[in-house]
Student: 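Sharing a structure here in structure tokens format.
Keep in mind that what you see is a predicted model, and the values were worked out from it rather than measured.
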Amino acid sequence: MEITVKVFGQLAELLSSSQLEFEEVTDTDELIHQLQQKFPAFRSATYAIAVNKKMISGNTILYHGNTVALLPPFSGG
Amino acid sequence: MEITVKVFGQLAELLSSSQLEFEEVTDTDELIHQLQQKFPAFRSATYAIAVNKKMISGNTILYHGNTVALLPPFSGG
Amino acid sequence: MTGEPVKNIFIPGAISPVFIGDSIARHNTKTDAGAHSIFLGQIRKDRQESKTVAAIEYSAYEEMALEKVQEMREVIIIKHSLTCLHIYHSLGLVKVGEICLFIFTSAPHRKAAIDACGEVVEYIKKELPVWGRIIFDDAFSRWKNN
Amino acid sequence: MTGEPVKNIFIPGAISPVFIGDSIARHNTKTDAGAHSIFLGQIRKDRQESKTVAAIEYSAYEEMALEKVQEMREVIIIKHSLTCLHIYHSLGLVKVGEICLFIFTSAPHRKAAIDACGEVVEYIKKELPVWGRIIFDDAFSRWKNN
């Protein structure tokens, strides 16, 4: 199983990376938990989550090949 | 006494003129009456009146040198 | 009344896209502006009773229009705290596909620029002593009504 | 869904006034249009805590942004019966006085063009996965919030 995590804006700075790969993660809650373990500063971050470019609002099961994006508050324009 | 009457748009066509001069006319009601006598087609026209570039809404006394404008419905833009 | 000199808004014939681009380019020195709103009126190829619009010929009571625009400018600039406001209207013949009206508002933030631009468009269409004569492709013409 | 191909909206660096003028010029063949509404976002020389903004550096989740814009486009075009709709947003560095956002709506009548343009501006600012990093004149920077 392979999950790609894309990270943008201030979150990419916080995690010092714009892309991470995860092997064993069953859903988005678990993914966030693993990220918080690995990056303690991530606990206080504000972000929305997209799975395969669609915004999600609750815990979402992840499948092999899914792309999860962590999106800090938008500030375009 | 001299009053200049400027006429625009469809009214200028109706009166076959864009400017007329009047000698003896005391107020706008009298001016309109004289115009209706001279140009019967003017009776059914729709227009607003400006005296010295300011719109008026009732009968207005005219003084030597005043410019009266007859303004059909605006259609700019 | 801020007493600024009366600006001419009338342009003979169509307003060229290059003129509009140049006007936008000049605003790069207006560094207080964060938002620009532009309205362009273009002659539409309308079909009316089996005729097709070819052009509109505009005339105006210029002196009165400029006085009215000047008063409106001062009110709108203060009301919306605009950085700047530009208004141009064609006189004479403007053909289908050409631009006859160009309104350009600038402000620090978007709401002021957008609201002001909309208000100016309505004012120009309803309050300005300007008349359009619609010229059809068969050379027949009639007066436009807004 | 009309199934039109996904258009790119992102432009590297600032959006040039010449590009905007050219875009306006190309609309003279859109003879169904009678009204164009344009919104331009420009980098404002803001002062924040004794620093002055020098530029904004934009990044985006491009694939997701393009999908979202495409969905929004189709909804807005149908809702307002637009003749056309163009959207451009800068990526990378855009300096003070330069243009970072260009929205262009066209419709037969003014209300549709103006309303649609305003709705697209709000959508772009609130719903698009784009981020701006404000760069100050002392090289300090912080993330923009809308």
Student: Looking at C/Gly41, C/Gly97, C/Ser37, which makes the most heavy-atom pairs under 4.5 Å with chain D?
Tutor: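 Result: the option with the highest number of such pairs is C/Gly97.
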
Student: Chain C contacts: which residues in residues 48-62 of chain D have a non-hydrogen atom closer than 4.5 Å to it?
Tutor: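 Expected list: none.
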
Student: Do any of residues 15-36 of chain D come closer than 4.5 Å to chain C, heavy atom to heavy atom, and if so which ones, in number order?
Tutor: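 Against chain C, the residues of residues 15-36 of chain D that fall inside the cut-off (heavy atoms, under 4.5 Å) are D/Pro17, D/Ile20, D/Gly21, D/Ile24, D/Ala25, D/His27, D/Asn28, D/Lys30, D/Thr31, D/Asp32, D/Ala33, D/Gly34, D/Ala35, D/His36.
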
Student: Measuring from atom CZ of C/Phe39 to atom OG1 of D/Thr105, what distance do you get when rounded to the nearest 0.5 angstrom?
Tutor: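 Between atom CZ of C/Phe39 and atom OG1 of D/Thr105 there are 9.0 Å.
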
Student: May I ask you to list the residues in residues 108-117 of chain D that approach chain C closer than 4.5 angstrom, counting heavy atoms only, ordered by number?
Tutor: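 Only D/Pro108, D/His109, D/Arg110, D/Ile114 of residues 108-117 of chain D have a heavy atom under 4.5 Å from chain C.
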
Student: Answer with side chain, backbone, both or neither: which region of D/Leu101 has an atom nearer than 4.5 Å to a non-hydrogen atom of chain C?
Tutor: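 Answer is neither: D/Leu101 stays 4.5 Å or more from chain C.
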
Student: Applying a heavy-atom distance below 4.5 Å, give me the residues of residues 130-146 of chain D that approach chain C, sorted by number.
Tutor: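 The residues closer than 4.5 Å to chain C amount to none at all.
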
Student: Look at atom NZ of D/Lys125 and say whether more than 12 heavy atoms of other residues, nucleotides or ligands are closer to it than 6.0 Å.
Tutor: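 Result for NZ/D/Lys125: enclosed.
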
Student: Go through the atoms of D/Lys95 and report whether side chain, backbone, both or neither lie under 4.5 Å from a heavy atom of chain C.
Tutor: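 The answer is neither part of D/Lys95.
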
